[in-house]
Novice: 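This is the structure, below, for whatever I ask next.
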There are 2 protein chains.
Amino acid sequence: MAGVSVATVSRAVNGSGPVSLETRAIIDRVINESGFRPNSIGRQLKTARTHTIGVLVPSLKNPIFADAVNGIECAAQNKGYNVLLASSGYSTDRESSAVDTFLNSRVEGLVLTVADEEKSQALSSLSSAGIPFVLMFNPVKNSSYSTISIDNRKAAFELVCQMLKLGHRRIAMIAGKFSESDRSIERQAGYQDALRHYGIDQVLITEVGFENQDVSEQINALHEAKNPPTAYFCSTDVIAIATIRALTQIGKNVPTDVSVVGFDGISVGEWLTPSLTTAVQPAEQMGEWAMQHLIERIDEDVPVKNLVLPHQLRQGESLVNPPI
Amino acid sequence: MAGVSVATVSRAVNGSGPVSLETRAIIDRVINESGFRPNSIGRQLKTARTHTIGVLVPSLKNPIFADAVNGIECAAQNKGYNVLLASSGYSTDRESSAVDTFLNSRVEGLVLTVADEEKSQALSSLSSAGIPFVLMFNPVKNSSYSTISIDNRKAAFELVCQMLKLGHRRIAMIAGKFSESDRSIERQAGYQDALRHYGIDQVLITEVGFENQDVSEQINALHEAKNPPTAYFCSTDVIAIATIRALTQIGKNVPTDVSVVGFDGISVGEWLTPSLTTAVQPAEQMGEWAMQHLIERIDEDVPVKNLVLPHQLRQGESLVNPPI
DNA sequence: ATGAAAGCGCTAACAA
DNA sequence: TTGTTAGCGCTTTCAT
């Protein structure tokens, strides 16, 4: 339309070569008039670069992941990368199929949280595909993968020690399904470490689904026992909130009757009454770091890195001494 | 590698034509051994279909958007579509550039929430590009765009009427920046409708940024006046939560000293103490519907539709009679 | 400063 | 049942 070759248009659009002022003017005019848009697909095919990264999280309904994705997306935008998003709903099958899709779409890298690093079919595909990725939230196990996380076990240990120090002896753990979360497993280990440290062998663990809004059934079951727990350690803040609701429904007051502790440090925990005692993961920064590191690995072929951030215990009102 | 032509491989991989059992077996074997992955880019270029939709929201930090994106993503996955995600941070410039990127990536449709439909450069690009899109949360104005929303003005009117009915006469509105949200404008109109309906002409509107976690300054200013408000109407739940915090910081109790009402119906509002009085938008379903309708428009060229869902008022503890 | 042409990986006629 | 081939839109040498 501009009476020039496609090569010249390419050079004009990308500024990738010399174009005379006059031809550039003509091309600009024609582009505006015709509504021409360079087709990224063609460019991607030719250059073998997509400037796209894949992001896979279990669910956006948990603010810990929404915040992380927010951090990732902002960093990506800054660096000129596009974000393909998928959620797994904590299902390993959906993890694998999402990763397959990403790989076929030729994403240049991934940031993801999987159910369990060790059992992940998705991660095997990824490593054999040889494309860089960063695990987010998943604990470090195989140090040949880049990861960003906190020490879940230690944080859980410290949290439960606090509970024990206040005098709690019957502490139940409401754990997200172990098969769906290696974080949950680590936190459970920390819980047991703490009990053992205090010479207590009454472990009381109830697994619940992560998508479960209502844990009344499980809580009721625990409270019908002869010696109900005086405190609950929950493997996420979202589960802690559900636990508090369930307790309230059966007439238990938190924290006077029973204490509840969460994990994650989602910001709403602070505004609740009682505010949540929890361990804070800086989700948004973790997302940002993951993205930045991923881009380093893509562009500069930087080596794998395992970043374990210090966690932070947040004292809330939901944990007090046990009733006498 | 399998000793067959690319055409045969294509047929085998896609099941798009006859392939003998033996050749299929060979191809499968070679694919597994070599780690071959069909390149979507090539296919996309050839077929001129990307099976990708763009999603643009202001921010994932507000659960109303995170929930909506969650709904969109699930629906997309069900229908075999990929999701390219971007956030605008309530900036119209970033809206436009995200839409440009989407368009160049040849997304087949978009679901988006823009600052203001009427002033949106992004929407002009979109409509002239002739690709289907669905506005989410934005009120219906130009009915030639598909939209899914509630009647913001009416909901705000009803909410503020409730406040007036309880006896409040000095009601301030803490509004998200009008330039960043046409919802905020509509809700403000509903607020004024209600005041007018009760013959009150003391409108008291303070604009705040959406990303603003801390509204202490604005709240303090209002409370240093001779007759401070007895109630606050906030244009979102997130702002309402910030308002409650600011009030608490200056020693005001909600709701005994002052009432606060939000808008959106994010689920945490229910677990707060006091629980939030608000108007509920069913974000996840809105996302699902948006995605489903978008795909109808893509596949079957269904006409534009404007769906205005009934809103629902949620009675919470944050609204009571004004102190005597 | 510009153009011609090859080729990225794929699909879809068409031919055999 | 399989192969040959053109071409999707782009970038990039290599000529001119």
Novice: For DNA chain D, whose closest nucleotide is more 5', that of B/V4 or that of A/T47?
Specialist: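 Going by which nucleotide is closer to the 5' end, it is B/V4.
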Novice: I need the CZ-P distance between A/R24 and C/dT2, as an integer number of Å.
Specialist: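 Result: 9 Å.
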Novice: Can you tell me if the side-chain N/O atoms of B/T23 get under 4.0 Å from OP1 or OP2 in D/dT2?
Specialist: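 Looking at the OP1 and OP2 atoms of D/dT2, one of them is under 4.0 Å from a side-chain N or O of B/T23.
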Novice: May I have the distance from A/Q44 (atom CD) to D/dG9 (atom P), rounded to whole angstrom?
Specialist: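 Computing the A/Q44:CD to D/dG9:P distance gives 15 Å.
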Novice: Please report the distance, rounded to the nearest Å, between CZ in B/R37 and P in C/dC10.
Specialist: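 To the nearest whole Å, that distance equals 12 Å.
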Novice: Just N and O in the side chain of B/S10: are any of them under 4.0 Å from OP1 or OP2 of C/dC10?
Specialist: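 No, outside the criterion.
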Novice: So for A/R11 and C/dG3, does any side-chain atom that can act as donor or acceptor lie under 3.5 Å from a complementary atom in the base?
Specialist: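 For A/R11, whose side chain was compared with the base of C/dG3, there is a donor-acceptor pair (under 3.5 Å).
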Novice: For a side chain to side chain donor-acceptor pair (under 3.5 Å) check, start with the C-alpha distance between A/E296 and A/Q292, then their side-chain angles and the critical distance, and finish with the verdict.
Specialist: CA-CA 6 Å; A/E296 280 177 9; A/Q292 261 150 19; over 6 Å; no
Novice: For the pair B/E118 and B/K141, find out whether any cationic side-chain nitrogen is under 4.0 Å from an anionic carboxylate oxygen.
Specialist: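 Yes, this pair counts.
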Novice: Under 4.0 Å between a Lys/Arg side-chain N and an Asp/Glu carboxylate O for A/D116 and A/K177?
Specialist: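 A/K177 and A/D116: not salt-bridged.
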Novice: To the nearest Å, give me how far apart CG (A/N104) and P (C/dG9) are.
Specialist: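 Going from A/N104 (CG) to C/dG9 (P), I get 14 Å.
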Novice: Do B/S144 and B/N142 get their side chains close enough for a donor-acceptor pair, meaning under 3.5 Å?
Specialist: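 Short answer, yes.
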